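Below is one structure, written out as structure tokens; comments come after it.
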Amino acid sequence: MTRLVVVGSINMDLVTVAQRFPASGETLLGERFLSVHGGKGGNQAVAAARLGADVHMVGAVGDDGFAHALCDALVAEGVHSQHITRIRDCSSGTATITVAGGENQIIVVPGANARLSAAHVNQARPEIASADAILMQMEIPLETIEATLRIAQQERVPVILNPAPAQRLPSDWLKLARYVTPNQHELAVLLGADPSEDFRDLMRQAPCPVVLTRGAEGAWFREEEEPQLQRGFHVEAIDSTGAGDTFNAALAVFLHEGLSIAVRKACAAAALSVTRMGARGGMPHPAEVEALLARQRNE
Ligand code: RIB
């Protein structure tokens with residue numbers, strides 16, 4: 001069983017479904033509202049646990065009404081929660097999400113996620129030391145990201161860094177990651193490059209291996225060799241929220257099978273994730289991933 005530590009955000013997602021996105025200054029009547037558990041860290045932890053990994057979550061929640069529900073939801077999925085810290089006098093992270101035509105727009109208020117510190121990560125050192133990989137995103141403070149990269153280096157544990165939301169990072173931090181997993185826009189921001197530059201050139205310039213997600217097209221990956229494309233799987237998209245999180249979790253879970261197999265399974269898992277509402281609604285179990293792969297082989 002793959003052992004993972006996820007260092008990242010935990011949010012309550014406040015989701016409004018509408019026919020279309022409103023224009024600036026416009027008020028629209030929506031179709032439906034739901035509050036669901038999210039946050040890139042929490043989502044990746046749940047997706048990895050559903051795919052069969054043993055997962056420890058390092059994160060923070062506030063002392064508001066959302067905190068209990070957010071922790072309980074992770075525990076219900078089998079995620080170990082002893083390194084989830086309760087921050088006093090602080091709200092839990094929230095994401096206000098609009099979904100229209102299968103696409104989304106998101107505003108995140110970090111709340112307690114902004115108080116996840118290097119000391120909190122250090123408390124999880126025993127779990128980190130015995131993990132196969134660390135999965136981390138960027139809805140937590142930059143100092144915590146750097147500290148996690150350095151702790152992982154000391155413990156010789158590979159880090160998969162999902163640089164979302166994107167910020168520029170120093171090249172010596174990126175060299176500490178085993179893989180970075182941006183989309184095209186995030187890769188340009190991460191490297192401080194011109195966003196109109198060809199993403200394959202940016203992949204070649206990156207100081208560490210890149211697995212680049214391209215939505216329905218699939219994912220490009222590169223270690224030593226030239227960038228290669230793994231085509232996406234055709235599904236009917238209901239809600240794309242959490243697709244990137246499912247992709248990253250699957251990549252980490254299946255990496256021991258080799259990079260190209262892991263990317264293929266990650267594309268399949270991400271495709272399945274968009275077929276239901278909510279960030280975690282469509283996150284698949286291994287049998288569903290295998291079924292989609294088999295269906296594609298037979299088509
Ligand atoms: O990646 C999707 C997630 O981004 C949502 O669940 C939301 O909480 C934001 O963090």
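Everything quoted here is computed from the prediction, not taken from an experiment. These values consider heavy atoms only, across backbone and side chains, with no hydrogens, waters or symmetry-generated copies.
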Any Gln230 side-chain heavy atom under 4.5 Å of Trp220 side chain: no
Answer yes or no: does atom CD of Glu26 have more than 12 heavy-atom neighbours from other residues, nucleotides or ligands under 6.0 Å? yes
Answer whether the closest heavy-atom distance between the side chains of Met136 and Ile145 falls below 4.5 Å. yes
Return yes if some donor-acceptor pair links the side-chain N/O of Ser92 with the main-chain N/O of Gly62 below 3.5 Å, else return no. yes
Separation between CD1 (Ile261) and CG (Leu251), nearest 0.5 Å, reads 12.5 Å
Is the shortest side-chain heavy-atom distance between Val189 and His185 below 4.5 Å? yes
I'd like to know if the side chain of Glu288 and the backbone of His285 have a donor-acceptor N/O pair within less than 3.5 Å. yes
Do Gln123 and His83 have side-chain atoms, one donor and one acceptor, less than 3.5 Å apart? no
Spatial distance of atom CG (Leu229) from atom CG (Leu212) [nearest 0.5 Å]: 10.0 Å
Starting from the C-alpha separation in whole Å, work towards a yes-or-no answer on salt bridge (charged side-chain N to carboxylate O under 4.0 Å, His left out) for Asp172 and Lys175. CA-CA 5 Å; Asp172 61 315; Lys175 284 183 189 153; over 6 Å; no
Do Leu142 and Val121 share a hydrophobic cluster (ILVMFWY, side-chain heavy atoms under 4.5 Å, transitive)? yes
Taken to the nearest 0.5 Å, the spacing of Leu135 CG from Thr181 OG1 works out to 8.0 Å
Short side-chain donor-acceptor distance under 3.5 Å, Thr2 and Asp132: no
Test side chain to side chain contact (heavy atoms under 4.5 Å, CB included) on Arg32 and Thr16; report intermediate values, then the result. CA-CA 6 Å; Arg32 187 147 85 94; Thr16 298; over 6 Å; no
Ile87 vs Asp63 side-chain heavy atoms within contact, under 4.5 Å: no
Hey, are Arg200 and Glu226 close enough for a salt bridge, meaning a charged N less than 4.0 Å from a carboxylate O? no
Looking at Phe233 and Arg264, what are the two nearest heavy atoms and their distance? CE1-O, 3.6 Å
Could you walk me through whether His120 and Thr85 pass the side chain to side chain contact (heavy atoms under 4.5 Å, CB included) test, one step at a time? CA-CA 8 Å; His120 294 131; Thr85 306; 3.4 Å; yes
Gln228 side chain to Arg222 side chain, donor-acceptor N/O pair below 3.5 angstrom: no
Could you tell me if Gln44 and Asp245 have a donor-acceptor pair between their side chains, going purely by distance under 3.5 Å? yes
Name the orientation class of the two ring planes belonging to His56 and His80 (parallel below 30°, tilted from 30 to 60°, perpendicular beyond 60°). parallel
Given Thr213 and Asn183, is the side chain to side chain donor-acceptor pair (under 3.5 Å) satisfied, shown in steps? CA-CA 5 Å; Thr213 53; Asn183 60 26; 5.4 Å; no
Tell me whether Asp13 contacts the main-chain N or O of Val15 through its side chain, where contact means a donor paired with an acceptor under 3.5 Å. no
Specify the closest pair of heavy atoms between Leu187 and Phe199, including all atoms of both residues, with the distance to one decimal. CD2-O, 4.1 Å
Under a 4.5 Å cut-off applied to non-hydrogen side-chain atoms, are Leu34 and Met277 in contact? yes
Residues Trp173 and Leu149: closest non-hydrogen pair is O-CD1, 3.7 Å
Measure the shortest side-chain to side-chain distance between Ile238 and Val274 over non-hydrogen atoms and say whether it is less than 4.5 angstrom. no
So that I can tick it off, tell me whether Arg3 and Glu127 are bridged by a salt bridge, with the cut-off set at under 4.0 angstrom between side-chain N and carboxylate O. no
Between the side chains of Thr241 and Asn104, does any donor sit under 3.5 Å from an acceptor? yes
Quick one: are Phe247 and Asn162 in side-chain contact, heavy atoms under 4.5 Å? no
If you measure from CZ on Phe254 to NZ on Lys265, what distance do you get to the nearest 0.5 Å? 5.0 Å
Check this for me: Arg231, atom CZ, are more than 12 non-hydrogen atoms of other residues, nucleotides or ligands nearer than 6.0 Å? no
Side chains of Asp201 and Arg204, heavy atoms from C-beta outward: is any pair under 4.5 Å? yes
Is it possible for you to say whether Met138 and Leu202 belong to one hydrophobic cluster, with membership spreading through side-chain heavy-atom contacts below 4.5 Å? yes
Mind checking whether Val55 and Leu116 sit in one hydrophobic cluster, side chains of I, L, V, M, F, W, Y counted as touching below 4.5 Å? no
What do the steps show when you test Thr94 against Asn11 for side chain to side chain donor-acceptor pair (under 3.5 Å), and what is the final call? CA-CA 5 Å; Thr94 56; Asn11 295 334; over 6 Å; no
May I have the step-by-step check of side chain to side chain contact (heavy atoms under 4.5 Å, CB included) for Met57 and Ile10, ending in yes or no? CA-CA 10 Å; Met57 176 83 213; Ile10 303 169; 3.8 Å; yes
Looking at Glu236, I want to see if its CD is surrounded by more than 12 non-hydrogen atoms of other residues, nucleotides or ligands under 6.0 Å. no
When every non-hydrogen atom of Ala112 is compared with those of Ala60, the smallest separation belongs to O-CB, 3.5 Å
Please tell me whether Val58 and Val75 are part of a single hydrophobic cluster in this structure, the criterion being side-chain heavy atoms less than 4.5 Å apart. no
When hydrophobic residues are tied together by side-chain contacts of less than 4.5 Å, even through go-betweens, does Val61 share a cluster with Ile140? no
Donor-acceptor contact present, side-chain Ser81 to main-chain Ile84, <3.5 Å: no
Measure across Val6 and Gly41 and return the closest heavy-atom pair with its distance rounded to 0.1 Å. CG1-O, 3.3 Å
Is there a donor-acceptor pair closer than 3.5 Å between any side-chain N or O of Asn122 and the backbone N or O of Ala119? no
Distance, nearest 0.5 Å, that separates CZ of Arg125 from OG of Ser130: 13.0 Å
Separation between CG (Asp239) and OG1 (Thr275), nearest 0.5 Å, reads 10.0 Å
Which heavy-atom pair separates Gly42 from Leu74 by the least distance, and what is that distance? O-CD2, 3.7 Å
Checking side chain to side chain donor-acceptor pair (under 3.5 Å) for the pair Asn43/Arg280: CA distance, chi angles, key distance, verdict? CA-CA 6 Å; Asn43 293 344; Arg280 301 180 189 173; 2.9 Å; yes
Between Ser9 (side chain only) and Lys40 (backbone N and O only), is there a donor and an acceptor less than 3.5 Å apart? yes
Determine whether Phe21 and Glu103 satisfy the following criterion, side chain to side chain contact (heavy atoms under 4.5 Å, CB included), listing intermediate values before the conclusion. CA-CA 9 Å; Phe21 296 109; Glu103 298 295 322; 4.2 Å; yes
Quick one: does any side-chain atom of Glu217 pair with a main-chain N or O of Arg214 as donor and acceptor, under 3.5 Å? no
Near His68 NE2, under 6.0 Å, is it more than 12 heavy atoms from other residues, nucleotides or ligands? no
